[in-house]
Amino acid sequence: MHLSGPLSGRWTAYLGLISTLSGVITPAVAVKEHDFKKCAQSGFCSRNRALADHVLSTNSWSSPYSILPESGSFKDGQYQAVVLKTINDNGDTVRLPLTVSFLESGTARVTIDEEKRQKGEIELRHDSKARKERYNEAEKWVIVGGLTLDKEAKVDFEDKSQLTVKYGPTSNFEAVIKFAPFGIDFKRDGVSQIKFNDQGLLNVEHWRPKIEKPAVENKDTSEGEQNQEDKEEEKKEEEEPKGEDESTWWDESFGSNTDSKPRGPESVGLDITFSGFEHVYGIPSHTGPLSLKTTRGGDGSYSEPYRLYNADVFEYILDSPMTLYGSIPFMQAHRKGSSVGVFWLNAAETWVDITKGKDSKNPMSLGIGSKTSTHTHWFSESGLLDVFVFLGPTPKDLTAKYGELTGTTTMPQEFALGYHQCRWNYVSDEDVKDVDRKMDKFKMPYDVIWLDIEYTDDKKYFTWDEHSFKDPIGMGKQLESHGRQLVTIIDPHIKNTDNYPVVAELKSKDLAVKNKDGNIFEGWCWPGSSHWIDAFKPAAREWWATLFKYASFKGSMENTWIWNDMNEPSVFNGPETTMPKDNLHDGNWEHRDVHNLNGMTFHNATHHALKTRKPGELRRPFVLTRAFFAGSQRIGAMWTGDNTAEWGHLKESIPMILSQNIAGFPFSGADVGGFFGNPDKQLLTRWYQAGAFYPFFRGHAHIDARRREPYLMGEPYNTIIAGALRLRYSLLPSWYTAFHQAHVDGTPIVKPLYYTHPDEEAGFPIDNQFFVGNTGLLVKPVTEENKETQDIFVPDNEVYYDYFTYNVVASGRAGKTVTVAAPLEKLPLLMRGGHIFPRRDIPRRSSQLQKWDDYTLVLTIPKDGKHAEGELYVDDGDSYDFEQGQYINRRFVYDGAAKTITSVDKEGRDTKSVKQGEWLKKYNGVRVDKIVVVGAEEKVWGKKTEVDVVDESGKGAWKAKVEFTPADKAAGRASFAVIKRVGASIGSDWKVKL
């Protein structure tokens, strides 16, 4: 959240007061790129780019890194050695310990450290209290499994120049480790996939003492003598080779802030080549296409590297590699027949350059038959060089192995998948209750209403404004009676003021972030002068949890949840609107080492606090975060930050959310309607249609934006928006099932075409349409003004039906584009043949009010009529009882040859052996109401009036009525049948015989 003009009078006065009292610069009214660094303004970025420019412009370069062969040893799936970095013409070297770990999952890990810093044999400048080691604790926060060494991995070849290790579940992976210069070639089935240091850009900036240069003696000379001396000095400089540019080694300034850099230059960099891959994806969050652009200039390219440095970039610009609020350094490369990836485990500021080039072994081929490779260059300001390598071979393999390492998305509460209504700010508890009533009046379902910072007493978290929110319990109870929830914002900055127990305890217990001198850090944010909780500190997390207990956070209830904003962290008077890099965290780690982890640690602290609010209350928390890192998916949801009410931001939201999904953090969304500005009614309507297919679905608005609750739009917009909301709620069973699959194995919830159709090359760059879970639902929201048709790319030869009309849109059109009607009231939504998906058809006001409703199954007959399948996962949507088997997980199968539709336990469990708790017993009464068969063949269904339903658990058999509607060839509509009142328990084994 950030300010934008024109400001309300109240906020103009408030910020003017802060400026007057503190002398700080208040947040600007729109993003200014000069407030954030470009590569040339970042010392380590410009140094690593300059190295690349030098290396790639010369044919004589040889990387100065080599393995000391006699230092190498291989044992139990791990190779350890020392890499020597030659640092001068005298042959002096720096020792860099290397570990290459081969894991049982088939993942490989390469780590390079610095021996002198490991041993603490360096000196820090400025009497700094910072740690001497390279930061080595990112693993503690990020990695949760998958590190078991592959003891079956073995050395397949070794000589004086290289070592080859075979590894992986079927031993078809290879790592060819070259000694001089150091490099690694990762192969699958004998074919190179990923290469380290193939271009020679490895760079570990070792510690070195600062040597003070003597001051230039000021001689008393005449002007003529001085001119002559200057000329001689210039000539001498031209003749003598220049040393390294040390201007950004020791102290570095940006704006009015200076970074003391007590350890000097310490960046790590590496070139990673994806051999034969033209498309790379991932490394969110940025605006721009899903298939990442090159970054070295030219038509259609960026001139800046992709930056990963969590920052409060309000009103961000589109189609840019500029950093945003969160960072996941996980990149995937894809081509027909192969997907591979790397995960760069480093929490410091990171930049990634991308170039592409043709590979050809035959110099006379002139590019004919050659393949395009993607060359990436990664560099981080500090920390270890620590990279995981995934050799696929499929996109699903990558997300599964990454999920094994960093965890999968948390299993959310069911209400969290409904619609969330938010603005900065609802002005009182009566305002909240009025919105709640009007959503019901206009028959618009929703689950959660949100409170931004104005609910607090003068920006003091865990308090309520006693004038505007006089009765928060009464407000919460009204929401509770309608099955609804409340989310309140709580940020990491704590107001520095008297008579505020929270800040008093933060200080007395020594739980805040420190400045470079070891004193409590003071900065400016919404409350004015503030301190920041250090969530890296165990004692701070324990204390934080006490603040959320119902007796402490008075006015909160069991249906109160939390929103963590500004946790990059945002510091209004800090460098690049964030915290100084030489601040100190728990263990005296510098902020520069952990910056991209900071938001995740705060998110984590809040998540665990909500799990301990009340003894015995074991409920899944809901916490939304703005800042994130790899592993944040285990904790909650994210959104794309402070977007704008423009068509371009609506369009850009789709590739941004797809990027989150493939990078392992699928519980993601964008502010519907745009945070800044005032969307017109057409834009807002189209945004609700798109938002209904975001995994996280929230409308939000700035304090100076006009009220835009969906019922205020008038007709026909109200009806259309209500239809989009109801569509979301009818499909909640499918959404919840997709979330469960993501929770189990890291599968994206919304999937780009390269993921679902990895061999359809024309689909690789497409990022404006996607599939939902395993439903076969293909959606392409309208993101352009006044557009009433939509072109949809068809990735295979299967039949596709229109969701609403059952018209046959495409059949046998693989690689083709079809045009569908898309007037304002119509969302382009197709159903792929061969799927079965669940929904609920009775309109309800919230998800909690539909949880006992019967189900509808939609069966889409495939083109060949032979086979279709789908799934349903359901649990109580609230507790952790699903971990004790209290859930239903069904697999539905249509067999065209046998003419049956069956339901079996997806996991093959003997469900009778599961001891049923209260929820599971009650759910036995929830049934399959009807089955809609789209594309029902007339020869099979045309004369059917009823079918047999058999309960396979021995509870009997009965008849269910069938209504068949023949195809309308003139309109293009497929035939369909409806099996009514099926009556089978949704959790039982049953069969429908046609």
Side-chain angles (χ1 to χ4, degrees), residues 727 730-731 733-734 775-778 797-812 820-821 826 829-843 853-872 890-903 927-952 956-986 988 990-994:
L727 176 61
S730 71
L731 290 172
S734 288
T775 61
L777 292 172
L778 176 61
N797 281 318
E798 189 52 81
V799 61
Y800 284 79
Y801 307 95
D802 184 282
Y803 179 87
F804 303 100
T805 66
Y806 303 160
N807 285 1
V808 176
V809 175
S811 182
V820 300
K826 181 78 180 295
L829 177 61
L830 307 184
M831 301 181 290
R832 183 178 183 272
H835 294 267
I836 303 172
F837 62 88
R839 71 185 189 202
R840 279 175 159 150
D841 290 346
I842 301 174
D853 286 349
D854 291 343
Y855 289 89
T856 293
L857 300 181
V858 179
L859 160 59
T860 56
I861 300 295
K863 183 181 177 183
D864 63 10
K866 293 181 179 180
H867 180 84
E869 65 177 82
E871 57 200 48
L872 168 70
R890 308 304 298 175
R891 178 170 178 256
F892 309 114
V893 177
Y894 167 73
D895 186 331
K899 295 183 174 57
T900 58
I901 304 169
T902 57
S903 172
R927 313 222 163 245
V928 179
D929 177 48
K930 60 179 176 284
I931 301 175
V932 179
V933 184
V934 182
E937 297 173 279
E938 187 162 3
K939 64 182 180 181
V940 176
W941 296 87
K943 296 182 180 179
K944 290 278 183 189
T945 59
E946 59 183 19
V947 294
D948 293 315
V949 182
V950 179
D951 188 311
E952 300 282 51
W958 57 92
K959 302 287 187 181
K961 292 184 178 180
V962 176
E963 285 187 1
F964 175 76
T965 302
D968 184 340
K969 295 182 179 179
R973 193 200 66 225
S975 56
F976 65 95
V978 179
I979 307 173
K980 296 187 169 184
R981 291 305 303 160
V982 176
S985 174
I986 192 64
S988 297
W990 49 262
K991 179 181 293 185
V992 172
K993 297 179 178 179
L994 310 183

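Treat the numbers as computed from the prediction; the structure is a model and nothing was measured. Along the sequence shown, residues are numbered consecutively beginning with 1. Basis for what follows: all heavy atoms, side chains included, without hydrogens, waters or symmetry-related copies.
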Query raised in the report: Can you check side chain to side chain contact (heavy atoms under 4.5 Å, CB included) on Thr902 and Phe892, steps first, answer last?
Result: CA-CA 6 Å; Thr902 57; Phe892 309 114; over 6 Å; no
Report summary line: Tightest non-hydrogen contact, residues Lys980 and Ala960, listed as O-CB, 3.5 Å
Query - Any His835 side-chain heavy atom under 4.5 Å of Thr860 side chain - result: yes
Report task. Could you tell me how the ring of Phe837 sits relative to the ring of Tyr803: parallel (under 30°), tilted (30 to 60°) or perpendicular (over 60°)? Result -> parallel
Query - Worked check of side chain to side chain contact (heavy atoms under 4.5 Å, CB included) between Ile901 and Trp990 - result: CA-CA 8 Å; Ile901 304 169; Trp990 49 262; 4.3 Å; yes
Requested in this report: Mark yes or no for whether Asp802, through its side chain, and Phe804, through its backbone, hold a donor-acceptor pair below 3.5 Å.
Outcome: yes
Report task. Taking the six-membered ring of Tyr855 (Phe, Tyr or Trp), confirm whether the NZ or CZ of Arg840 is under 6.0 Å from its centre and within 45° of its axis. Result -> yes
Query raised in the report: Any side-chain heavy atom of Thr945 sitting closer than 4.5 Å to one from Val962?
Result: no
Report task. Might you point out which heavy atoms bring Tyr801 and Gly833 nearest each other, and give the distance in Å? Result -> CE1-CA, 4.2 Å
Query - Main-chain N/O of Ser988 paired to Glu952 side chain as donor or acceptor, under 3.5 Å - result: no
Query raised in the report: Can you check whether Gly983's main-chain N or O pairs, donor with acceptor, with Arg927's side chain at less than 3.5 Å?
Result: yes
Requested in this report: Might you work through the side chain to side chain contact (heavy atoms under 4.5 Å, CB included) test for Val893 and His867, ending with a clear yes or no?
Outcome: CA-CA 7 Å; Val893 177; His867 180 84; 3.6 Å; yes
Query raised in the report: Would you call Leu994 and Lys944 a side-chain contact if the rule is heavy atoms closer than 4.5 Å?
Result: yes
Report summary line: Shortest non-hydrogen pair, Ile861 vs Gly865, comes out as CG2-CA, 3.9 Å
Query - From CZ (Phe976) to CD (Glu963), nearest 0.5 Å - result: 9.0 Å
Report task. List the steps and the verdict of side chain to side chain contact (heavy atoms under 4.5 Å, CB included) for Phe964 and Val940. Result -> CA-CA 10 Å; Phe964 175 76; Val940 176; over 6 Å; no
Requested in this report: For residues Asn807 and Ala971, report the shortest heavy-atom separation together with the two atoms involved.
Outcome: ND2-O, 3.4 Å
Query raised in the report: Is there side-chain contact between Val932 and Tyr806, with heavy atoms separated by less than 4.5 Å?
Result: yes
**Report entry** Side chain proximity check, Leu829 to Leu727, heavy atoms < 4.5 angstrom
**Finding:** yes
**Report entry** Passing candidate, salt bridge (charged side-chain N to carboxylate O under 4.0 Å, His left out) with Asp948, options Lys993, Lys959, Lys899
**Finding:** Lys959
**Report entry** Value rounded to 0.5 Å, distance of CG in Asp951 from OG in Ser985
**Finding:** 7.5 Å
Requested in this report: Determine the minimum heavy-atom distance between Pro838 and Ser734, stating which atoms define it.
Outcome: O-OG, 2.7 Å
**Report entry** Min side-chain heavy-atom separation Val928-Val949 under 4.5 Å
**Finding:** no
Report task. Quickly, which of Arg839, Lys930, Arg981 forms a salt bridge (charged side-chain N to carboxylate O under 4.0 Å, His left out) with Asp854? Name it, please. Result -> Arg981
Query raised in the report: Below 4.5 Å, heavy atoms only, C-beta onward: do Asp841 and Asp929 meet side chain to side chain?
Result: no
Requested in this report: Would you please name every residue forming a salt bridge (Lys or Arg N to Asp or Glu O under 4.0 Å) with Arg891, sequence neighbours left out?
Outcome: Glu869
